[in-house]
2 protein chains.
Amino acid sequence: MTVMQTTPAATGRANPADICSAPPRRHPRPDGQDRYTISEVVAFTGLTAHTLRWYERIGLMPHVDRSHTGQRRYSNRDLDWLEFVNKLRLTGMPVADMVRYAELVREGESTYADRQELLESTRRDVLARIAELHDTLAVLDRKISFYATER
Amino acid sequence: MTVMQTTPAATGRANPADICSAPPRRHPRPDGQDRYTISEVVAFTGLTAHTLRWYERIGLMPHVDRSHTGQRRYSNRDLDWLEFVNKLRLTGMPVADMVRYAELVREGESTYADRQELLESTRRDVLARIAELHDTLAVLDRKISFYATER
DNA sequence: GCCTTGCCTGGAGTGCACTCCAAGGCCATA
DNA sequence: TATGGCCTTGGAGTGCACTCCAGGCAAGGC
C-alpha cells in the first residue's frame, strides 16, 4: 500500500476575517453580491434543500443570513464552509463530530489547538482509509485478472 | 471454547474447486481441521455473531456447514469469503450489491463476465474514492498548517 | 439434578443521515 | 384576482446496516 505524496500544503494565506485558511476556489459571484437563495446553493453544492436546512437545525451550519421575508441568503463564506463540511463528510466523519468542530469554530481563536488536534486525527483516519482502499484495490485486481484470463 | 492461536498452517494455494483466485493469507487452522465455531469467526473477522447470522439470512454468506446439534461450523473457505466481503464493505459497496455478487458466484462459471464487470465497476469507484480522499487530505493539510503557524 | 456457557431462531429495535410532508407566506406575471 | 413558483416551519417517515431480545436447546462441570 504505497502511501501518498503529501501535498506541499498551505500556499494560500488566510483572509484575516476568515475562519481559517482560504480555499483555492472561485465563487459564483463576487463578495458583495453573494446573497444566494437556497436553490442556488443546491445547484452549487449538490446538497438538497432539505439537507441544508437540516444542517442549520443541528448546528452544523452557522446562522445563515435572511432576506426581509425570512428566506435564507447564503454568502460566499457559507459556501466555503459547506464545501469544507462536504470534504469532512467524504472522509466518513460522523455528523456529530462535524458539529463539534463547528462549535469550536464558533468559540473563536482560543480553540485553535483543539481544532488542529481534531483535524490531525481526521487526517490519520483518511490516511488509514486510503491504505485500506489500496489493499482492496489489490484484491480486486487479482480477482479481475482471474476472471479475465479464465474465460 | 478455546479461541485462536494463529497456526502457521496450510499454504493457501488455490483449491481447484475454489471460486476464485487464492488469497495470500494464512488460515488459523489447516484444511481438514477447519470447523470454526461462530465465536472463533467473530474473533478472527471482527464481525459480530449477529452480523454473521444476518449475512447468512440475507444470502450474503453461502450455506454454512452445521454440527450434529445444528451449530454453525465455518470452513477456511468461508473465512476467505468473509474477508473478501469485508473488503467490498470497506469500499462502501451496498450490501445488496454484495448479495448480487454472491448470487452470481452461486450460479457458477457462466457468470464470470458479469462478475468481472461488477468488480471493474467497483474498482472504478474505489479509484474515485481514493482521489477524493487525496483531495480532502490537501484541504486538511492546509488547515492544519494554518492552525500550527497561527498559535 | 442443576448451573453455566455457548449457541440457536424469528422478529423487533436502533442509530445515522437524511428525506419528505402538510400547511402556509410572498411575489411576479397574466 | 388568480395562478404558479419558490420559499418557510416542525415533525414524521425512510433506508440502510446492523443490533438486540426472548425463549429455548445441548453439552460439560460440580
Side-chain angles (χ1 to χ4, degrees), chain A residues 28 35-61 63-75 78 81-102 122 125 129 132, chain B residues 1-4 35-61 63-75 78 81-103 122 125 129 132:
Chain A
R35 290 178 59 74
Y36 310 102
T37 65
I38 199 164
S39 61
E40 286 173 314
V41 177
V42 164
F44 194 62
T45 62
L47 298 166
T48 70
H50 293 304
T51 301
L52 287 168
R53 295 193 195 102
W54 180 66
Y55 277 2
E56 209 175 323
R57 239 191 288 178
I58 63 174
L60 180 51
M61 185 79 215
H63 45 293
V64 175
D65 200 21
R66 299 294 176 121
S67 74
H68 69 106
T69 58
Q71 298 194 354
R72 289 170 182 80
R73 292 294 178 261
Y74 291 83
S75 68
D78 293 333
W81 173 252
L82 283 171
E83 199 195 5
F84 177 57
V85 160
N86 213 27
K87 288 255 178 289
L88 290 183
R89 202 171 57 95
L90 291 175
T91 69
M93 181 187 280
V95 167
D97 292 2
M98 295 194 255
V99 171
R100 171 81 190 121
Y101 183 83
T122 303
D125 292 348
R129 192 92 190 74
E132 245 173 29
Chain B
M1 273 280 161
T2 47
V3 185
M4 301 299 76
R35 290 177 60 76
Y36 310 102
T37 64
I38 199 164
S39 62
E40 287 174 314
V41 178
V42 164
F44 194 62
T45 61
L47 298 166
T48 70
H50 292 303
T51 302
L52 287 168
R53 294 193 195 102
W54 179 65
Y55 277 3
E56 207 175 324
R57 238 191 286 179
I58 63 174
L60 180 51
M61 184 78 216
H63 45 293
V64 175
D65 201 21
R66 299 293 176 121
S67 74
H68 69 105
T69 58
Q71 299 193 355
R72 288 169 183 80
R73 292 294 178 261
Y74 292 83
S75 68
D78 292 333
W81 173 252
L82 282 171
E83 201 196 3
F84 178 57
V85 161
N86 213 28
K87 287 254 178 289
L88 291 184
R89 201 170 58 94
L90 291 175
T91 68
M93 180 187 280
V95 167
D97 291 2
M98 295 193 255
V99 171
R100 171 80 190 122
Y101 184 82
E103 277 164 3
T122 303
D125 292 347
R129 192 92 189 76
E132 246 173 27

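Side chains are part of it too, since the values below use all heavy atoms of this structure and drop only hydrogens, waters and symmetry mates. Chain letters run A, B, ... following the sequence lines, proteins first and then strands; every chain starts at 1. Since the model is a prediction, treat every value here as computed from it, not as a measurement.
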Exercise. Please determine if a side-chain N or O atom of A:His68 lies less than 4.0 Å away from the OP1 or OP2 oxygen of C:dC27.
Key: yes
Quiz prompt | Whole angstrom value for the distance that separates C1' of C:dC7 from CG of B:Leu52 | solution = 13 Å
Quiz item: OP1, OP2 of D:dT8 versus side-chain N and O of A:Arg72: anything below 4.0 Å?
Solution: yes
Quiz item: Rounded to the nearest 0.5 Å, how far does CD of B:Glu40 lie from CZ of B:Arg35?
Solution: 11.5 Å
Practice problem: Scan nucleotides 11-25 of chain D nucleotide by nucleotide, 5' to 3', and note B when protein non-hydrogen atoms come under 4.0 Å of the base, S if they reach only the sugar-phosphate, - if neither. | Solution: B-----SBBB-----
Quiz prompt | For atom CD1 of B:Ile58 and atom P of C:dG10, their distance in whole Å | solution = 14 Å
Quiz item: Is there a side chain to side chain contact (heavy atoms under 4.5 Å, CB included) between A:Arg66 and A:Arg72 once you walk through the steps?
Solution: CA-CA 5 Å; A:Arg66 299 294 176 121; A:Arg72 289 170 182 80; 3.4 Å; yes
Practice problem: Under 4.0 Å between any heavy atoms, over every strand shown, what does A:Thr37 touch: base, sugar-phosphate, or nothing? Just pick one. | Solution: sugar-phosphate
Practice problem: Starting from C1' on D:dA26, measure out to CD1 on B:Ile38 and report it in whole angstrom. | Solution: 16 Å
Quiz item: Counting just side-chain N and O atoms, does B:Ser39 come under 4.0 Å of either OP1 or OP2 of C:dC7?
Solution: yes
Exercise. Using atom CD of A:Glu40 as one end and atom P of D:dG5 as the other, report the distance to the nearest whole Å.
Key: 18 Å
Quiz item: Taking side chain as C-beta onward, heavy atoms only, is A:Leu52 less than 4.5 Å from A:Leu82?
Solution: yes
Exercise. Would you mind telling me which of C:dC8, C:dC27, D:dT9 lies closest to the side-chain atoms of A:Arg66?
Key: D:dT9
Quiz item: Side chains of A:Asp125 and A:Thr122: is there a donor and an acceptor less than 3.5 Å apart?
Solution: no
Self-check item: Student check: side-chain heavy atoms of B:Tyr55 and B:Trp81 closer than 4.5 Å
Solution: no
Quiz item: How long is the span from the CZ atom in A:Phe44 to the CD atom in A:Glu83, to the nearest 0.5 Å?
Solution: 7.0 Å
